[in-house]
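Take a look at the structure set out below.
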Amino acid sequence: QVQLVESGGGLVQPGGSLRLSCAASGFTLRNYAIGWFRQASGKEREGISCIRSSGGSPSYVDSVKGRFTISRDEDKNTVYLQMDSLKPEDTAVYSCATRPYGFGYWCTFRPQDFTSWGQGTQVTVSS
């Protein structure tokens with residue numbers, strides 16, 4: 001059974017950092033492209049970062065480029081999102097998701113291109 005579980009969210013002050021984890025079970029993460037998404041209250045879900053299955057440069061949307069870093073630990077079957085210099089506008093529920101098997105090389109930011117989803121973790125940036 002394919003399962004993704006996010007963790008690491010919480011309350012942080014502006015300028016602070018958090019590291020989100022996306023732990024996979026039932027499949028091997030390195031064979032899939034993995035995306036991170038977020039959804040702020042009252043807004044649509046947006047893709048913010050993606051890592052390919054076979055290396056290559058990760059992808060980021062402009063709003064997080066230079067502040068967020070996506071990475072993968074194959075031994076732990078986990079993908080991380082390191083978030084630095086957090087801003088109040090980063091407040092949202094953050095979720096990870098996989099592209100279908102066979103699409104591991106192609107990263108997108110479109111939620112409809114992703115299949116399996118985690119339950120999400122809340123990130124609140126506030127003083």
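Only heavy atoms go into these numbers, but all of them, side chains included; no hydrogens, no water, no symmetry mates. Predicted model only: the values in this text are computed from it and were never measured.
Atom CD of Gln112 is surrounded by more than 12 heavy atoms from other residues, nucleotides or ligands within 6.0 Å. Counting heavy atoms of neighbouring residues, nucleotides and ligands inside a 6.0 Å radius, atom CZ of Phe109 exceeds 12 of them.
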Side-chain donor/acceptor pairs under 3.5 Å, residues 1-15, sequence neighbours excluded:
| residue | atom | partner | partner atom | Å |
| --- | --- | --- | --- | --- |
| Glu6 | OE1 | Gln119 | N | 2.9 |
| Glu6 | OE1 | Gly120 | N | 2.9 |
| Glu6 | OE2 | Cys96 | N | 2.8 |
| Glu6 | OE2 | Gly120 | N | 3.4 |

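Annotation: side chain of Cys50 is in contact with side chain of Phe114 (closest heavy-atom distance under 4.5 Å). At a threshold of 4.5 Å between non-hydrogen side-chain atoms, the residues Ile51 and Trp36 do not count as touching. Taking the side chain as every heavy atom from C-beta outward, Gln39 and Pro111 never approach each other to under 4.5 Å.
Sorted by first and then second residue, the pairs that involve residues 97-115 and meet salt bridge (Lys or Arg N to Asp or Glu O under 4.0 Å), not counting sequence neighbours, are Arg110-Asp113.
Taking CZ of Phe68 as the reference point, atom OG of Ser63 lies at 7.5 Å (rounded to 0.5 Å). Within the model, atoms OG1 of Thr115 and CZ of Phe103 stand 10.0 Å from one another, a figure rounded to the nearest 0.5 Å. Atoms OG and CD1, on Ser95 and Ile48 in that order, are 9.5 Å from each other to the nearest 0.5 Å.
Side chain of Tyr60 to main chain of Ile70: a donor-acceptor pair is present (N/O by atom type, distance under 3.5 Å, no hydrogens or angles). In this structure, Thr91 contributes its side chain and Ala40 its backbone to no donor-acceptor pair below 3.5 Å.
Nearest heavy-atom pair, Ser53 versus Arg72, reported as atom, atom and distance to 0.1 Å: O-NH2, 3.4 Å.
Shown here are the side chain to side chain contact (heavy atoms under 4.5 Å, CB included) partners of Thr28, two or more places apart in sequence or in another chain: Arg30, Asn31, Asn77. Shown here are the side chain to side chain contact (heavy atoms under 4.5 Å, CB included) partners of Val123, two or more places apart in sequence or in another chain: Leu18, Leu20, Met83, Tyr94, Val125. The side chain to side chain contact (heavy atoms under 4.5 Å, CB included) search around Thr78 returns Ser21, Ala23, Lys76, Tyr80, not counting sequence neighbours. For Arg67, the side chain to side chain contact (heavy atoms under 4.5 Å, CB included) partners two or more places apart in sequence, or in a different chain, are Val64, Ser85, Lys87, Asp90.
In this structure, the ring of Phe37 has its center less than 6.0 angstrom from the ring center of Trp117.
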